[in-house]
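Down below is the structure, laid out as structure tokens.
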Amino acid sequence: MGNIYINSYILYHLSLSRPLSLGPSAQVERRRRRVVDVHGQTAWVGSGTMLGEVYYAIANKTSRLGFPGSVGLTVGISGYLSGAHGLASDHVLDATMVDTKGRLLDRAAMEEDLFWAIRGGGGGNFGIVLSWKLRLVPVPATVTVFTVHRSRNQSATNLLIKWQRVAPSLPSDTFLRVVVPLYLGTRAGLVAAMADTFPELNVTVSDCTEMTWIQSVLYFVFYSTGKPSKMLLDRGNGIGDPSGSCMRLARSS
């Protein structure tokens with residue numbers, strides 16, 4: 001998380017209950033610290049943290065929690081929070097920031113209008129966000145990805161049209177994208193769900209691969225299995241999905 005340095009003293013700001021005046025000489029250092037609270041299902045992350053680093057920190061603590069963000073691993077937390085399970089911005093519980101008056105604020109001190117604005121509700125700059133508190137979401141021990149290849153002469157166009165029609169009515173545990181779909185459950189459950197809602201896709205057990213949620217993150221990024229989780233920490237150019245396309249976590253029923 002970001003620390004505020006004043007005359008070489010560090011002010012820890014996670015339990016602020018009121019604004020703290022820093023004065024014009026305050027220097028803000030953006031950090032990449034990640035603190036995951038498994039019991040509370042939350043994580044504090046510095047605003048300089050990349051999404052891959054967030055996923056890696058969560059996976060190091062538990063395999064049963066995730067965060068609905070992007071598969072663009074080198075996208076910064078402050079710049080991009082989106083996904084499903086609601087929007088990712090809906091899972092921002094708190095933040096620490098320095099406003100334009102040099103005050104150090106948390107959610108209680110900044111009040112709800114400003115908190116709404118820094119999560120994307122406003123169209124301007126309101127200060128420097130130092131850290132975010134995120135709500136993590138439960139994920140099953142096993143998720144399933146599947147890839148079905150269809151060429152244009154194999155009715156791919158008709159399948160895309162069908163996909164657009166059935167997507168809103170798919171089981172809530174399913175995220176079906178054109179590139180790589182994800183199902184929060186076992187392959188048997190996925191095959192049954194697809195046979196019921198999208199039989200034209202003809203998904204079979206051999207199309208499916210079971211894995212943990214964090215392995216599915218790597219699969220979405222690199223389109224292959226067996227990648228080490230430390231690749232989530234790579235900040236180099238060209239790693240991951242450059243478009244920052246959404247990796248959604250469907251809301252479990």
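Along the sequence shown, residues carry numbers from 1.
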Practice task
Would you confirm whether the ring centroid of Tyr55 sits within less than 6.0 angstrom of the ring centroid of Trp213?
Solution key: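 Centroid distance Trp213-Tyr55: below 6.0 Å, so yes.
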- Query: Tell me, which pairs form a salt bridge (Lys or Arg N to Asp or Glu O under 4.0 Å) where one or both residues lie in residues 212-228, sequence neighbours left out?
  - Reply: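 Sorted result for residues 212-228: empty, none.
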ask   = According to the salt bridge (Lys or Arg N to Asp or Glu O under 4.0 Å) rule, which pairs have a member within residues 204-213, sequence neighbours left out?
value =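 Applying salt bridge (Lys or Arg N to Asp or Glu O under 4.0 Å) to every pair that reaches into residues 204-213, excluding sequence neighbours, yields Arg187-Glu210.
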Option passing side chain to side chain contact (heavy atoms under 4.5 Å, CB included) with Val54 (candidates Leu136, Leu232, Val45):
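The side chain to side chain contact (heavy atoms under 4.5 Å, CB included) with Val54 is passed solely by Val45 among Leu136, Leu232, Val45.
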Item checked: Whether Thr42 side chain and Leu134 backbone form a donor-acceptor pair below 3.5 Å ->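 Pair absent, no side-chain N/O of Thr42 close to backbone of Leu134.
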Query raised in the report: Are any side-chain N or O atoms of Asp37 and backbone N or O atoms of Gln41, one a donor and one an acceptor, separated by less than 3.5 Å?
Result: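 Answer holds: no.
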With rounding to the nearest 0.5 Å, note down the distance linking [atom1] in [X] to [atom2] in [Y].
X      : Y      : atom1 : atom2 : value
Asp106 : Ser131 : CG    : OG    : 9.5 Å
Thr225 : Met211 : OG1   : CE    : 6.5 Å
Asp196 : Met194 : CG    : CE    : 9.0 Å
Tyr183 : Thr144 : OH    : OG1   : 8.0 Å
Glu200 : Leu159 : CD    : CG    : 7.5 Å

side-chain hydrogen bond (donor to acceptor under 3.5 Å, both in side chains) against Glu112, all qualifying residues, sequence neighbours excluded:
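Applying side-chain hydrogen bond (donor to acceptor under 3.5 Å, both in side chains) to Glu112 gives Arg107.
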Under 6.0 Å from the CD atom of Glu111, do we count more than 12 heavy atoms belonging to anything else shown?
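Count not over threshold, so no.
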> Any idea which heavy atoms bring Pro140 and Gly185 closest together, and the distance?
Replying inline: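 Smallest heavy-atom distance, with atoms named: CG-N, 4.1 Å.
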